[in-house]
Amino acid sequence: MPTVGMGLWKVSKDMAADHVYNAVKLGYRLFDSTTDYGNEHEVGMGLQCAIADGLVKHEELFITGKLWNTFHACEHVKENFQCNIDDLGIDYIDLYLVHFPVALKYVPQSERYPPEWRDSGGGLVVPAKVPFHETWEAMEALYNDRLAKNIGISNMSDAMLYDLLSYAKVRPAVLQVELHPYLHCKQLIELVQTEGLAVTAYSLMGYHEINMVLSGPHFMPLLKHNKIADIA
């Protein structure tokens, strides 16, 4: 897995294909995609254009995909995976993660895709009674069928990770979490590394732009922080 990759959250549909194509030209090989970003078809167009133009071979890319919350039931996991690879225009995924350890009510593609967090009225978050071990068993099937070369988890706590490791036949290869100078997750990272999992960090500059970082009287956005500027 490459050390540095390009996350595709918040990349608009009209920019995604060019964004990915130019990233390949610049040397990016890891691309982090998922159902919930709503741009996978366009991301796939960028990847396929880069391959067609000889900028890169498929096997030189490392594609991360993610299972969305509404597809956690065992009978729906492969459905979501198939949507991912169809939109991306590939026949396997290098790393497939469970996006959140949160099961939500199933939403058929004919009704809404991507399903997002809330119901069609934009109000309620409707949970589903799907235990995580059921989801993980279906993830293991993707791995055993060689559709996903590696499987992993995202946004999972240490307690849930301990539980998963107690029954997983195929151990998660990666934990992806928000990680930056304002959110160290020191104990979680130490646990993950002790257990032999790789760590992928996202939102390296924090979430200040959508008010997901606490802003106190002395808060300084990381992109404006003197130490970050000195490193840059």
Would the distance check show the side chain of Glu178 and the main-chain N or O of Asn155 forming a donor-acceptor pair, the cut-off being under 3.5 Å?
no
Among Lys78, His99, Met139, exactly one meets side-chain contact (heavy atoms from CB on, under 4.5 Å) together with Leu67. Which residue is that?
Met139
Between His19 and Phe31, is the ring centre distance below 6.0 Å?
no
Donor-acceptor check, side chain of Asn39 to backbone of Lys13, threshold 3.5 angstrom: yes or no?
no
Check residues 157-164 and write down every donor-acceptor pair under 3.5 Å in which the side-chain atom is one partner and the other belongs to a residue at least two apart or another chain.
{"from": "Ser157", "atom 1": "OG", "to": "Met160", "atom 2": "N", "distance (Å)": "3.3"}

Approximate separation, where rounding is to 0.5 Å, of Trp117 CH2 and Asp36 CG
8.0 Å
Within the side chain of Trp9, is there an N or O that forms a donor-acceptor pair under 3.5 Å with the backbone of Asp32?
no
Sorted by chain and number, sequence neighbours left out, side-chain hydrogen bond (donor to acceptor under 3.5 Å, both in side chains) with Glu79 holds for His76, Tyr106, Gln109
Val107 with Phe100, same ILVMFWY side-chain cluster at under 4.5 Å:
no
Whether the side chain of Arg29 engages the backbone of Gly5 through a donor-acceptor N/O pair (distance < 3.5 Å, no angle test) should be reported.
no
Rounded distance (nearest 0.5 Å) linking atom CG of Asp18 with atom CD of Glu42
11.0 Å
Distance from Leu30 atom CG to Met1 atom CE, nearest 0.5 Å?
7.0 Å
Tell me if a side-chain donor or acceptor on Arg171 pairs with a main-chain N or O of Glu195 at a distance below 3.5 Å.
yes
Would you find a donor on one side and an acceptor on the other, under 3.5 Å apart, between the side chain of Glu134 and the backbone of Pro131?
no
Is there a donor-acceptor pair closer than 3.5 Å between any side-chain N or O of Gln176 and the backbone N or O of Leu97?
no
Sequence neighbours left out, what passes side-chain hydrogen bond (donor to acceptor under 3.5 Å, both in side chains) with Trp68? Give chain and number order.
none
Going through the distances and angles, do Val192 and Val177 end up as a side-chain contact (heavy atoms from CB on, under 4.5 Å)?
CA-CA 11 Å; Val192 169; Val177 289; over 6 Å; no
Quick check for you: to the nearest 0.5 Å, what is the distance between Thr34 atom OG1 and Glu40 atom CD?
6.0 Å
Any donor-acceptor N/O pair, Thr135 side chain to His72 backbone, under 3.5 Å
yes
Is a donor from one side chain sitting under 3.5 angstrom from an acceptor on the other, for Asp14 and Ser12?
yes
